[in-house]
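Data block below; observations after.
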Amino acid sequence: MFTDEYYMKMALQQAQIAFEKEEVPIGCVIVSNDRILAKTHNLTETLNDVTAHAEMQAITSAANYLGGKYLQNCTMYVTLEPCVMCSGALSWSQISKVVIGARDEQRGFINKHLQLHPKTEIVVGVMDHECSVIVKEFFKNRR
C-alpha cells in the first residue's frame with residue numbers, strides 16, 4: 001500500500017506539467033485500491049475553458065475509466081484546495097476521500113463553509129510546503 005505522500009508527489013508532477021504549459025500549477029491524481037484512475041492538471045488556458053480545473057478533469061477521467069458517475073472507494077490527491085465549483089462536483093461524485101496539499105484561503109471551499117459528501121473524508125496539509133511553493137512561484141513570475 002502506498003502513502004498519501006507517494007500519490008501527492010504524483011499530483012505535484014502534474015502541477016509541474018501545468019507550470020511548464022503556463023497553466024496555474026495544480027495537479028490531481030485519483031486512486032482506487034492502489035490503482036491510478038486519473039492523473040491530470042489544469043487545462044483552462046489550453047482548452048480556453050474556465051471549468052477545465054485539474055479536479056474536474058480528474059473526476060471526468062476517473063468516472064469514464066470506471067464506467068459510472070460515482071467515485072466511491074476512490075481518493076483524490078490535489079495539490080491545492082478545490083474551489084467551490086470543484087467541491088460541488090466532488091460532492092456529487094460521492095468520492096470517498098480527498099487529500100489536499102495546500103490550502104487556498106481566498107478561493108478554496110473550506111473557508112466558504114461548504115461541505116463535500118457526508119461520507120467523504122478530508123485530509124489537509126499533505127506536503128503543504130511543496131504544494132504551496134509551486135503556486136507562489138507561478139504567480140510571482142507572472143507579475
Side-chain angles (χ1 to χ4, degrees), residues 2-32 34-66 68-143:
F2 298 99
T3 64
D4 287 345
E5 289 78 13
Y6 176 84
Y7 290 116
M8 190 59 74
K9 285 178 186 176
M10 285 186 169
L12 271 166
Q13 290 170 346
Q14 290 296 308
Q16 185 62 42
I17 293 169
F19 187 95
E20 292 165 8
K21 290 181 177 180
E22 297 185 8
E23 296 275 2
V24 176
I26 298 170
C28 188
V29 175
I30 295 182
V31 177
S32 180
D34 289 326
R35 182 179 62 195
I36 297 166
L37 307 182
K39 290 193 301 186
T40 63
H41 52 273
N42 270 6
L43 290 170
T44 58
E45 299 300 324
T46 302
L47 298 177
N48 199 28
D49 179 357
V50 296
T51 68
H53 291 194
E55 301 94 325
M56 301 296 278
Q57 301 298 309
I59 290 166
T60 299
S61 182
N64 286 336
Y65 182 90
L66 293 171
K69 60 185 175 181
Y70 297 117
L71 301 179
Q72 296 159 334
N73 301 312
C74 294
T75 300
M76 174 182 279
Y77 295 87
V78 61
T79 57
L80 190 67
E81 177 185 341
C83 70
V84 172
M85 173 185 69
C86 293
S87 71
L90 285 166
S91 182
W92 284 109
S93 78
Q94 299 181 21
I95 196 159
S96 298
K97 183 177 178 182
V98 176
V99 179
I100 299 167
R103 291 284 314 276
D104 185 347
E105 299 291 337
Q106 292 179 344
R107 295 184 178 241
F109 77 97
I110 294 172
N111 280 355
K112 308 286 191 247
H113 307 290
L114 299 173
Q115 302 293 316
L116 299 183
H117 189 271
K119 293 182 180 177
T120 301
E121 177 187 353
I122 301 172
V123 177
V124 179
V126 174
M127 298 183 67
D128 174 49
H129 176 73
E130 297 88 336
C131 292
S132 63
V133 163
I134 192 169
V135 173
K136 288 175 185 172
E137 183 180 333
F138 175 80
F139 284 109
K140 179 181 165 188
N141 291 341
R142 305 228 352 144
R143 291 188 184 120

If I take atom [atom1] from residue [X] and atom [atom2] from residue [Y], how far apart are they, to the nearest 0.5 angstrom?
| X | Y | atom1 | atom2 | value |
| --- | --- | --- | --- | --- |
| Met76 | Ser96 | CE | OG | 12.0 Å |
| Leu90 | Cys74 | CG | SG | 11.0 Å |
| Glu23 | Leu43 | CD | CG | 5.5 Å |
| Asn42 | Met56 | CG | CE | 11.5 Å |
| Arg107 | Met85 | CZ | CE | 11.0 Å |
| Ile59 | Cys86 | CD1 | SG | 6.5 Å |

Quiz item: Excluding sequence neighbours, so at least two apart, what forms side-chain hydrogen bond (donor to acceptor under 3.5 Å, both in side chains) with Gln13?
Solution: none
Exercise. Please name all residues satisfying side-chain hydrogen bond (donor to acceptor under 3.5 Å, both in side chains) with Thr60, sequence neighbours left out, ordered by chain then number.
Key: none
Exercise. For His53 and Cys83, run side-chain contact (heavy atoms from CB on, under 4.5 Å): C-alpha distance rounded to whole Å, both residues' side-chain angles, the deciding distance at 0.1 Å, then the answer.
Key: CA-CA 9 Å; His53 291 194; Cys83 70; 3.6 Å; yes
Side chain to side chain contact (heavy atoms under 4.5 Å, CB included) with [X]: which residues, sequence neighbours excluded?
| X | result |
| --- | --- |
| Ala62 | Ile30, Leu37, Ala38, Leu71 |
| Ile17 | Gln14, Lys21, His41 |
| Glu130 | Leu12, Met127 |
| Gln16 | Phe19, Glu20, Ile134 |

Self-check item: Check: Tyr77 and Val98 side chains under 4.5 Å, non-hydrogen atoms
Solution: no
Exercise. Can you run down the salt bridge (charged side-chain N to carboxylate O under 4.0 Å, His left out) pairs that involve residues 47-60, sequence neighbours left out, and say none if there aren't any?
Key: none
Quiz item: salt bridge (charged side-chain N to carboxylate O under 4.0 Å, His left out): which pairs involve residues 87-97, sequence neighbours left out?
Solution: Asp4-Lys97
Quiz item: Should the heavy atoms of other residues, nucleotides or ligands under 6.0 Å from CD of Glu22 be counted, would the total exceed 12?
Solution: no
Quiz item: Heavy-atom count around Asn48 CG within 6.0 Å, excluding the residue itself: above 12?
Solution: no
So, for [X] and [Y], which heavy atoms are closest and what is the spacing to 0.1 Å?
| X | Y | result |
| --- | --- | --- |
| Thr40 | Ala58 | OG1-CB, 3.4 Å |
| Gln94 | Tyr70 | NE2-CE2, 3.2 Å |
| Ala52 | Leu47 | CB-CD1, 4.0 Å |

Quiz item: Only one of Asp128, Ile122, Val123 forms a side-chain contact (heavy atoms from CB on, under 4.5 Å) with Ile100, so which one is it?
Solution: Ile122
I'd like to know if the side chain of [X] reaches the main chain of [Y], judged simply by a donor and an acceptor atom lying under 3.5 Å from each other, with no hydrogens or angles considered.
| X | Y | value |
| --- | --- | --- |
| Ser32 | Asn73 | yes |
| Glu81 | Asp104 | yes |
| Thr79 | Gly27 | yes |
| Ser87 | Val84 | yes |

Exercise. Determine which pairs satisfy ring-ring contact (aromatic ring centres under 6.0 Å, His included) with at least one residue from residues 89-109, sequence neighbours left out, and list them in order.
Key: none
Quiz prompt | Test log, rule side-chain contact (heavy atoms from CB on, under 4.5 Å), inputs Thr75 and Ile95 | solution = CA-CA 7 Å; Thr75 300; Ile95 196 159; over 6 Å; no
Practice problem: Only counting residues at least two apart or in another chain, list the ones meeting ring-ring contact (aromatic ring centres under 6.0 Å, His included) with Tyr6. | Solution: Phe2
Exercise. Assess whether side-chain contact (heavy atoms from CB on, under 4.5 Å) is satisfied between Ile36 and Tyr7, documenting all intermediate values.
Key: CA-CA 9 Å; Ile36 297 166; Tyr7 290 116; 4.2 Å; yes
Practice problem: With sequence neighbours left out, write down each residue that passes salt bridge (Lys or Arg N to Asp or Glu O under 4.0 Å) with Lys9, or none if nothing qualifies. | Solution: none
Quiz prompt | Qualifying side chain to side chain donor-acceptor pair (under 3.5 Å) pairs with a residue from residues 111-122, counting only residues at least two apart or across chains | solution = Arg103-Asn111, Glu105-Asn111
